[in-house]
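Both backbone and side-chain heavy atoms feed into the values below; hydrogens, waters and symmetry mates do not. Below, chains carry the letters A, B, ... as their sequence lines are ordered, and counting in each starts from 1.
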Amino acid sequence: MTTIAHPTSLLDGLNEDQQKAVVTTEGPVLVVAGPGSGKTRVLTHRIAFLIQERGIRPESILAVTFTNKAAREMKDRIARLIGDGAADGLVMGTFHALGVRFLRQNPGVVADRLNLLPNFLIYDTADQLELAKRSVVAIGLDPKQLAPRRVLSRISAAKSLLVGPDEFGREVETYDDEVIARVYREYERALRSANAVDFDDLLALPIRLFDEAPAVLERYQDRFQYLMVDEYQDTNRVQYVLVSALAMKHRNLFVVGDPDQSIYAWRQADIRNILDFEKDYLDATRIHLELNYRSTGRIVDAADRVIRENTQRIDRRLRTPNEEGVPLIVRELADGQHEAQFVVNEIRRAVKTHGRSADDFAVMYRTTAQSRVLEEAFRTSDIAYRIVGGVRFYERKEVKDVLAVLRLLHNPADNLSLERVIDNFPLGRGIGPKALDAIRDWSSQHRRFLIDGFLALVPGPHADEPAPALSGQARAAASKLGTVLATLREQVGSLALAELFDAIVERTGYQATFDHDSEEEMQRWANLLELRADLERYDLVEPAEALATYLEQVALIADVDSLPDGSAGQVTLITLHSAKGLEFPIVFITGVEEGLLPISRAVEAEFSDPLPLEEERRLFYVGITRAQKVLYLTYAANRMSYGRYQSGVASRFLAAIPQENVRASTRSANRSQNGAGSPRLQDRARGTLGSRLTWESEPPSREAAPPPRAAVEHVPGQRVFHAKFGEGVIAEVNARHGDPELAVDFARHGRKRLLASLANLDVVE
DNA sequence: GAATGCATGGTTTTT
DNA sequence: CCATGCATTC
């Protein structure tokens, strides 16, 4: 082949192992790729290589990624390698997107065998929870006794293991199992009667589809000659079965993963999938990518030392050709607020003095709850930031409300959405439980959808048809709702989505409920306008298809998917889980404390089951290895949880990091750096004399609490930070009595008058 | 049927 | 702390 004499540009700049991974196109291949070892590069170059050098048609290639964002970026990179359009037809996406695709492409079989009509909806986590709750009630149990959340996680786990309600029922061991089996059965029934699927179904139903119609599977097996799966260590049983089935014919299965980055065992991810790959495929080629090109020597070394403590791993050493870099910065802060302010200050300093851009930074944390305090600090600062996850846009009440109407219009079987509309829209007023029961009776009697009961009450040509037994006010209210829904339904397919949005918020009276004088409600309305803008992007889509396309896109969107691919000039606030696969020049990992990282549940289980603790350590490892240049590790001596301060200690994980790689500083070092030494005794005396008011936001533990300090020279114009009020600017200083009284303008709380000795202000900058 | 107020329990992590 | 759910009241 000519490619040997003239090495193709697709191999340029790749090391020997990476090249091998690219050119080994035939047969099963396992790539064990450490963090920063260029696996995305290998994947993109390999796909480009298959198309350009091996002449494989793009539509014969299937690549599964962990997020839509990863898919998008890889497609872009491939286009850059071999030109726009050269990879058209390549199928690349998440497992869930792939699952939907299989279901959508086979509407006949899906309807006949799986009982799903083509307009089926994908229920999100909140919908699932609601459905689980109703299922608990439906079988005559109390959701307070049997937490829907727990039931749901059991159901989800079962589905991930391809265990249906029947099999689950057959294998019950305890009474608890038995009850859950009954809920599971009801949950499935309700889901199907709503013509809906949940996330787990997107993976499990394609497998049932293939079982029911082997010809369909064969078609895909024939088509996808080359399969690639990224993040293989985080696949679960269903995903494993799906991949195995698809790859069975051509056996060109290329999987990439890193057992040390397996962080989804709680989601039924099974690390054995990657560990046993060579048992499943005896002729597999194994390639190791161990050279880390991402991080400095000190960061790589720290990561290596940390992960080395795990027992459940293949021994290997992470190395880097990169320079040693600067030491890691480990810092203890007084509490969560100070931790957040420290992060903000460090970022501001680096931006000002080192010319860093905000998007060079990521702030990571274990639990989403931690993002609150961080956000507060960023909000009162002048630094642009972005939170990945948290309260998801599509989960906001007002957004879900309008989406419920859209979903109902698309899928009239969606009773959950209909009831949401009744509960939350002005139009639903006057329709109470009694009226709803009557309509429900009618619908089951006539074997019609619930929504049809409302439509049957609409005055007009069908007035002679049987209608639900309602009278008076309830009838009038239901009829009115029916009329609006009927009108809206007629407009689906002809109106553009944004216009449909307008019709909805207007005709249902929803828009009128927003109070213009309430800042909060105007924010909600702004959210809806954002939704409207989102809908406008579908103007180019065929109106008949637009609604279906939009709803599907909404359902499958992940938190990180909304992260712009390029730079946005914002600091990224993100959970450690979501950060997997990303990289940033400067990373802060916050809350590196016992109970948080590792999370308390893992600590509690430690002696009976060490695996969760090891997963926590892998999570920390994932976080460390996101950093390219600078890594900060912070923890707080006191942290607020459930409204109370609890004192904390540094995470055991920190102990593994060699001291010579660290520039540590204790809280007191941190303090004295802030100017003046600390005349603690005096101040403490004054502090106890002072009113409780100024102390209320301080940790109750006097020992652990930072002593108040004075002697910091305060001047007007100075930017300061207060644990409770956030950032502010000093407006006046009145020093008549030795202990200066300050007037501070806080961004969020307006002007406050504080005594310098008690306010415990940190000077910003 | 809606508005208000109190009690309760919950935070791991996400497609 | 907070969000949710239930009870009380009108």
Scan for salt bridge (charged side-chain N to carboxylate O under 4.0 Å, His left out) pairs involving residues 140-151 of chain A, sequence neighbours excluded, and state none if there are none.
A/Arg150-A/Asp176
Scoring nucleotides 2-13 of chain B by protein non-hydrogen atoms under 4.0 Å (B base, S sugar-phosphate only, - none) yields S-------BBBB
Nearest-Å distance once atom P is located in both C/dT4 and B/dT13
16 Å
Students often get this wrong, so: under 4.0 angstrom with heavy atoms, is A/Pro426 touching a base, only sugar-phosphate, or nothing?
nothing
Without decimals, in angstroms, what is the distance between A/Asp124 CG and B/dT15 C1'?
11 Å
Pairs under 3.5 Å (N/O, protein and nucleotides 2-10 of chain C):
residue: C/dG5; atom: OP1; partner: A/Lys133; partner atom: NZ; Å: 3.1

Rounding to a whole Å, what distance do you find between A/Asp423:CG and B/dG1:C1'?
12 Å
Please determine which of A/Asp234, A/Asp270, A/Val622 meets the side chain to side chain contact (heavy atoms under 4.5 Å, CB included) test together with A/Ser262.
A/Asp234
Validate the cation-pi geometry between A/Lys400 and A/Tyr394: distance from NZ or CZ to the six-membered ring centre under 6.0 Å, angle to the ring axis within 45°.
no
Using heavy atoms to find the nearest nucleotide of DNA chain B for A/Pro433 and A/Phe199 separately, return the residue whose nucleotide is more 5′.
A/Pro433
Would A/Arg104 and A/Phe120 count as a cation-pi pair here, with the cationic atom under 6.0 angstrom from the ring centre and within 45° of the axis?
yes
Gap between atoms NZ and P, on A/Lys69 and B/dT15 respectively (whole Å)
13 Å
Hey, are the side chains of A/Leu131 and A/Tyr123 touching, using non-hydrogen atoms and a 4.5 Å cut-off?
yes
Could you tell me whether A/Phe66 and A/Tyr264 have their ring centroids closer than 6.0 angstrom?
yes
Please indicate whether A/Arg420 has more than 12 foreign heavy atoms, meaning atoms of other residues, nucleotides or ligands, lying under 6.0 Å from its CZ.
yes
note: A/Leu152, atom CG; B/dT15, atom P; distance rounded to Å ~ 16 Å
Pair A/Lys159 + A/Asp198, salt bridge at N-O below 4.0 Å:
yes
Would you say the ring centers of A/Phe653 and A/Tyr621 fall short of 6.0 Å from each other?
no
How close or far is atom P of B/dT14 from atom CG of A/Asp234, stated in whole angstroms?
13 Å
